[in-house]
Peer 1: 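After the structure tokens below, expect a handful of questions from me.
We name chains A, B, ... by the order of the sequence lines, and we start the count at 1 in each one.
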Protein chains: 2
Amino acid sequence: MRQVTMGDVAKKCKLSVATVSRVYTDPEKVSPKNREKVYKAIQELNYQPNALARNLRKLQTNSILVIIPNIMNTFFSYILCAIQKVAFNSGYKVLLGDTDSSPEMEAKYLYYLQQKLVDGVILLYPRSNPEEIQKIAGEYPVVIVGQQAPESSIPFVINSNFLSSQTATEHMIKLGHRRIAHFSGRLSQPVSRERQKGFVFAMEANGLDVDKSLVCEGDFYFDSGHALALKLLSSAQPPSALVAASDEMAIGAIKAARKLGVRVPEDFAIIGFDDIKMASICEPALTTMAQPKEELARLSTEMLLSYIKGEPPHQNCVVLNDQLIIRESCGWALLNND
Amino acid sequence: MRQVTMGDVAKKCKLSVATVSRVYTDPEKVSPKNREKVYKAIQELNYQPNALARNLRKLQTNSILVIIPNIMNTFFSYILCAIQKVAFNSGYKVLLGDTDSSPEMEAKYLYYLQQKLVDGVILLYPRSNPEEIQKIAGEYPVVIVGQQAPESSIPFVINSNFLSSQTATEHMIKLGHRRIAHFSGRLSQPVSRERQKGFVFAMEANGLDVDKSLVCEGDFYFDSGHALALKLLSSAQPPSALVAASDEMAIGAIKAARKLGVRVPEDFAIIGFDDIKMASICEPALTTMAQPKEELARLSTEMLLSYIKGEPPHQNCVVLNDQLIIRESCGWALLNND
DNA sequence: TTGTAGGCGTTATCAC
DNA sequence: GTGATAACGCCTACAA
């Protein structure tokens, strides 16, 4: 069964394809009478314009690609969801690029731009090297989320990692902790380094020793937090508090503590980062630095879309603030109920 | 800067576009010498074939659309992730269609098929009415996951909802419970009805009364489980056990119990459905019926792709079995440690 | 306001 | 093995 084309519609209502086309692109330019005729023919033939042809003609796809480390993490899936909503409302489709945290996959996805498969890319927490990214992003619309693009003009949206990590650490210090551990993500990632620096800075600024054995490299995932906490808590001099660079690691640490019979927050206070869904549900509920996920998503998408349309962007680089959310895992309530 | 086309490559190596094209589609048919020339020119010009043109010419996109109620739920995001992996390995791209559980959105996404934006659709847990779906699925490749397409020939992959719900309920009965509650999803969805029926069947088959006030309609989400449990547990005759049709609702119920000082599983045993990530992490860890997510994803994708390629499918309808995963929330360990 | 016709960049079918 | 050339279905000057 051959596909119904504009030609068929045109023939049916004895008008030219140009007129039919105009009904879609600029209905005002068609006389009401003919417009009706066209609508009727479209209806009768159950015609739908072929997006492929339109795309080729206009050399654009009206779709964007979201490159994302791992949609299983609710932090990412939340952002993805928000991006899709904004994009959809602007008539853009979202192609999914889950990289499973692999730089190679990331690179492969970036080449979709060269193949004209998508009009632009939102790159979340990139893992591949900056040159690779710059090569593509120099020629096509790319917005990076969660990482500053150093010495390049790629637009980005990030949160205040250094500052927030500092805030989290100082929260623990205020609660009286002196021996505080920090779990970072892979230090190959700038985000991880920023958060670690914020921790170290806060410690030193408050005249506290940073015990190197308590500053550990994880990978943002649950298992690494679990393993690290297990090790630290069974050591000779366990810390009394933990600043984790992700909620997943923080929750892993909670589980580790429970396994060892260490009470949270009484014996071991924990603060996370991200505010994933599980943070409010786990036991005890996790105190955390909430990232402005909605804003991150909305702004980056809006930036990308105006970039695609060639509009001058309102802003190229945005730094958003995180928010400390106090729940149970840090012992604030304990202290303040006394 | 004009885009580099095949013509440019052809000119550069003094060959025809046909030959250049063949280097991509059928390299064997080009003499090794010319093949080299073409590769070199491609390299020098940094040429990438334009997918739009290719798509139009071949009238296919090599991409599929996954229509999904809510990617924030790790059950769905897990499946999505698995689908994407299988699709990617077969050279297919995945377009994301998060419907936020809205039938209208679902319908809109289905029309991507008519617009030739995608070659096929995997429809997860559809919410719109069967006629609507049938209209499109009759003409284009569609595979449904999680719902049987009654009296239509749309291929589908489901799990054994009735049976599994029965298994879950009988597990509770074996543990000695008599007054058991059931939380279903929206009863407008077949999945919900199946699971509810399985519960009722198991109760009656074991000679137990089904107290209507304990058979409650939720919506699969956390909040509904929380609210329903709160109500039931504060009633005059609270149940001693709960069979929930989703892990989210089950975890909501755990939280509700904790809020009321009801111990899980000692005073209130709970079993969930799905085996989302949080199930193994929450406190107490949730006993649940694990759906074969990986299989669901793999099979549906393979079915869709062979459907798209016009191959005769190995199978049109697949029913997979769930697996009972015993953790802490149902009290099995309690009983068996005695 | 409407119609004609030339692309958009590729692939596939012919001849050679 | 290679090269012209006609589609694929739509959009948009330009002409009428």
Peer 1: Rounding to a whole Å, what distance do you find between Leu15(B):CG and dT11(C):C1'?
Peer 2: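 Nearest whole value for this atom pair: 17 Å.
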
Peer 1: Do Tyr140(B) and Tyr112(B) have their ring centres less than 6.0 Å from each other?
Peer 2: no

Peer 1: Please report, rounded to the nearest Å, how far the P atom of dT2(D) is from the NZ atom of Lys11(B).
Peer 2: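 It works out to 20 Å between those atoms.
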
Peer 1: Return the value, rounded to whole Å, for the distance between atom CG of Asn62(B) and atom P of dT10(C).
Peer 2: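 Distance check: Asn62(B) CG to dT10(C) P gives 16 Å.
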
Peer 1: Roughly, in whole Å, what's the span from CG in Asp26(B) to P in dT13(C)?
Peer 2: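 To the nearest whole Å, that distance equals 12 Å.
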
Peer 1: Charged N to carboxylate O under 4.0 angstrom, Glu294(B) versus Arg298(B)?
Peer 2: no

Peer 1: Hey, are Lys85(B) and Asp98(A) close enough for a salt bridge, meaning a charged N less than 4.0 Å from a carboxylate O?
Peer 2: no

Peer 1: Less than 4.0 angstrom from a charged side-chain N to a carboxylate O is my criterion; do Glu44(A) and Lys40(A) meet it?
Peer 2: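 Answer for the salt bridge query: yes.
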
Peer 1: In whole angstrom, give the distance that lies between atom CG of Asn55(B) and atom P of dC8(C).
Peer 2: 18 Å

Peer 1: NZ of Lys29(B) versus C1' of dA12(C): gap in Å, rounded?
Peer 2: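 So the two atoms are 12 Å apart, to the nearest Å.
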
Peer 1: Summarise protein proximity over nucleotides 9-16 of chain D in one line of letters, 5' to 3': B for base, S for sugar-phosphate only, - for none, counting protein heavy atoms closer than 4.0 Å.
Peer 2: BBBB----

Peer 1: Determine whether the aromatic ring centres of residues Tyr109(B) and Phe88(A) are separated by less than 6.0 angstrom.
Peer 2: yes

Peer 1: Between Lys33(A) and Glu36(A), is there a side-chain N and carboxylate O pair less than 4.0 Å apart?
Peer 2: no

